[in-house]
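Mind having a look at this structure? Questions to follow.
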There are 2 protein chains.
Amino acid sequence: MTQRKILDESLTLFANHGYENTTLANIAEAVGIKKPSLYNHFKSKDAIFLHVLEDVAKREMDYLSSQADLSADHTIYERLHHIYRSYLSHMADSTEGMFFKRVTFFPPEEFSEQIKEVFLMVENNMTDIIRPVIEKGIEEKVLRPLSTDTLTSAFYTLIDGLFLEENFYDKAVFEQRQQASWEIFWLGIKEPELEE
Amino acid sequence: MTQRKILDESLTLFANHGYENTTLANIAEAVGIKKPSLYNHFKSKDAIFLHVLEDVAKREMDYLSSQADLSADHTIYERLHHIYRSYLSHMADSTEGMFFKRVTFFPPEEFSEQIKEVFLMVENNMTDIIRPVIEKGIEEKVLRPLSTDTLTSAFYTLIDGLFLEENFYDKAVFEQRQQASWEIFWLGIKEPELEE
DNA sequence: CCTACCGATCGGTAGG
DNA sequence: CCTACCGATCGGTAGG
């Protein structure tokens, strides 16, 4: 179906070059049709973007949820670490992740409201996943008795920092930075008397 | 001097709207001249951008250095915290900070090399500032005996995370997140036996 | 799904 | 520093 292909190719182009640097001619060429034919499927460039955005939001949340379920019967450390790792590798390697990073960090101005909404939706989805893990960790005295808000906030800052850094460093440096950051984070949240 | 005004107005426009969304007509209007008159001062739009980039790099590094000197006779905690706070408030409030964030995160493709260079230069500058503080902290047994690389990496991830988040949250939420992240970071790096 | 075309706007130039 | 203008390209439309 051509409509599907338009959305897929647009996602790739928006992810790699941004909305403003992607022209309808670029999209048409990637799809293998002429520019005016795009208007048989979408009424404007804006409409294509908003469809892509909606698709990505849905897929991001499905992905996060599926990853959370995977580690349900492991230790607190393993569960948090798994969420952390899978989120990062997703953001680093997938086209959806690149698109999401690009539009959330510096959104095309005309869409900034919708994009903010999507960002907060994905974040709430993430909170629903990690909050029970953190609460269980405090209850079992694996984590320090800090407020859940403090712990989730610090977790977000951790992944947001790496989410950004993934753009600047080669794989080796990024991997090193990612391990170091996790190590300090874990030392900061775990109950200090705890043996590992 | 008109040249100075062109650079200042361009910085503001690039910071707020990005390179691709700023036209020479926008710049000329902000300066109060007509578009072709810009060519008496710069030979192209690219040249204006590169001059702005160079200016910002210089000012960023001067700013960081001046902040580091300020807290030389304080405790390790105070020194690290001061660097952390002043860097963040600078990034959040200044036009230079916004420009720096925009171009480093998703650089205009034709300048990605020069921008990466500038980013790494500023980062090296930051490393020169925090490394001696961290080394002294380990030596004095205020910080855990981890490798300096691990500690600086985690510090960067912390500030990069907040650097990104500053875009999404209102002042109050950001302030809360920033305090929570610092708290966990400090718990992660400080020598656990230490009384505060 | 195409060819042909639109008005607007882009960075940049000629010439004074 | 300006007016007048350039070729190229943008998103989008007419008409089949």
Side-chain angles (χ1 to χ4, degrees), chain A residues 1-56 95 99 102-103 106-115, chain B residues 1-56 95 99 102-103 106-115:
Chain A
M1 202 177 173
T2 308
Q3 183 166 339
R4 184 72 262 144
K5 189 154 190 203
I6 293 170
L7 291 171
D8 290 345
E9 298 293 347
S10 298
L11 169 62
T12 305
L13 288 163
F14 292 154
N16 291 323
H17 307 287
Y19 177 76
E20 289 96 342
N21 297 313
T22 299
T23 69
L24 293 178
N26 297 147
I27 296 172
E29 196 193 348
V31 174
I33 57 177
K34 298 294 175 186
K35 186 180 67 168
S37 304
L38 293 170
Y39 287 86
N40 288 310
H41 304 280
F42 297 95
K43 69 178 224 296
S44 64
K45 188 186 177 186
D46 287 23
I48 297 178
F49 180 82
L50 291 172
H51 268 81
V52 170
L53 180 65
E54 203 182 318
D55 282 5
V56 168
T95 308
F99 174 87
R102 204 180 253 278
V103 302
F106 284 112
E109 296 176 27
E110 60 268 52
F111 306 120
S112 60
E113 257 177 68
Q114 288 105 314
I115 289 170
Chain B
M1 202 177 173
T2 307
Q3 181 165 340
R4 182 74 261 143
K5 190 155 190 201
I6 293 171
L7 291 171
D8 290 346
E9 297 294 346
S10 298
L11 169 63
T12 305
L13 288 163
F14 292 154
N16 291 324
H17 308 287
Y19 177 75
E20 288 97 341
N21 297 313
T22 298
T23 69
L24 292 177
N26 296 146
I27 295 172
E29 196 192 347
V31 173
I33 58 178
K34 298 294 176 186
K35 186 180 68 167
S37 304
L38 294 170
Y39 287 87
N40 288 309
H41 304 281
F42 296 96
K43 69 177 225 297
S44 66
K45 189 186 176 187
D46 286 22
I48 296 178
F49 180 83
L50 291 172
H51 268 82
V52 170
L53 179 64
E54 202 182 321
D55 282 5
V56 168
T95 308
F99 174 86
R102 203 180 254 278
V103 304
F106 284 113
E109 296 176 25
E110 60 266 53
F111 306 120
S112 59
E113 257 177 69
Q114 287 105 316
I115 290 170

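Below, read A as the first sequence line, B as the second, and so on, with proteins coming before strands; counting in each chain starts at 1.
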Review point. Tell me, which of residues 10-36 of chain A have any heavy atom that sits under 4.0 Å from an atom in DNA chain C?
Key: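 Contacts with DNA chain C under 4.0 Å: A/I33, A/K34, A/P36.
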Check your understanding: Relative to each other, are the rings of A/F49 and A/F111 parallel, tilted or perpendicular (30° and 60° limits)?
Key ->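 Parallel: the ring planes of A/F49 and A/F111 meet at under 30°.
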Check your understanding: To the nearest 0.5 Å, what is the distance between CG (A/L13) and CG (A/D8)?
Key ->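 Between A/L13 CG and A/D8 CG, I get 11.0 Å after rounding to 0.5 Å.
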Exercise for review: Identify the residue among B/M1, B/R4, B/Q3 that makes a side chain to side chain contact (heavy atoms under 4.5 Å, CB included) with B/H41.
Suggested key: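 Looking at B/M1, B/R4, B/Q3, the match for B/H41 under the side chain to side chain contact (heavy atoms under 4.5 Å, CB included) is B/Q3.
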Point to revise | Whole angstrom value for the distance that separates P of C/dG11 from CD of B/E110 | key: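 About 11 Å, once rounded to whole Å.
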Exercise for review: Examine the side chains of B/N21 and A/E20 and answer whether a donor and an acceptor come within less than 3.5 Å of each other.
Suggested key: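 There is such a pair (donor and acceptor under 3.5 Å, judged by atom type) between the side chains of B/N21 and A/E20.
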Check your understanding: In Å and rounded to the nearest 0.5 Å, what is the NE2 to CG distance from B/H17 to B/N26?
Key ->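 With rounding to 0.5 Å, NE2 (B/H17) is 7.5 Å from CG (B/N26).
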Practice item. Look at the side chain of A/K35 and the backbone N and O of A/T23, then say whether any donor-acceptor pair between them is shorter than 3.5 Å. Key: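 No, because the side chain of A/K35 does not come within donor-acceptor range (under 3.5 Å) of the backbone of A/T23.
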Check your understanding: Is the number of heavy atoms from other residues, nucleotides or ligands within 6.0 Å of CD (A/E110) greater than 12?
Key ->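 More than 12 heavy atoms, drawn from other residues, nucleotides or ligands, come within 6.0 Å of this atom.
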Point to revise | Heavy-atom check, side chain of B/V103 versus side chain of B/F14, under 4.5 Å | key: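 Answer no - side chains too far apart.
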Practice item. Report the nucleotide, chosen from C/dC2, C/dG12, D/dG12, that has the shortest atom-to-atom distance to any side-chain atom of B/Y39. Key: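 Comparing C/dC2, C/dG12, D/dG12 against the side chain of B/Y39, the answer is C/dG12.
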Practice item. Name all stems that contain residues of DNA chain C, defined as runs of 3 or more consecutive Watson-Crick or G-U wobble pairs, both distances under 3.5 Å. Key: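 The stems that DNA chain C takes part in, listed by first number, are C:1-16 with D:1-16.
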**Study point:** Atom-pair distance (CG on A/L38; P on D/dT13), nearest Å
**Key:**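 In whole Å, D/dT13 P and A/L38 CG are 13 Å from each other.
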**Study point:** A/I48 and its side chain to side chain contact (heavy atoms under 4.5 Å, CB included) partner, picked from A/L11, A/T22, A/L24
**Key:**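 So, applying the side chain to side chain contact (heavy atoms under 4.5 Å, CB included) to A/I48 and each of A/L11, A/T22, A/L24, only A/L24 qualifies.
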Practice item. Using a cut-off of 6.0 Å, state whether more than 12 heavy atoms not belonging to B/H51 lie near its atom NE2. Key: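 No, NE2 of B/H51 has 12 or fewer neighbouring heavy atoms, counting only those of other groups under 6.0 Å.
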Point to revise | DNA chain C contacts made by residues 42-56 of chain A, counting heavy atoms under 4.0 Å | key: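 Those residues: none at all.
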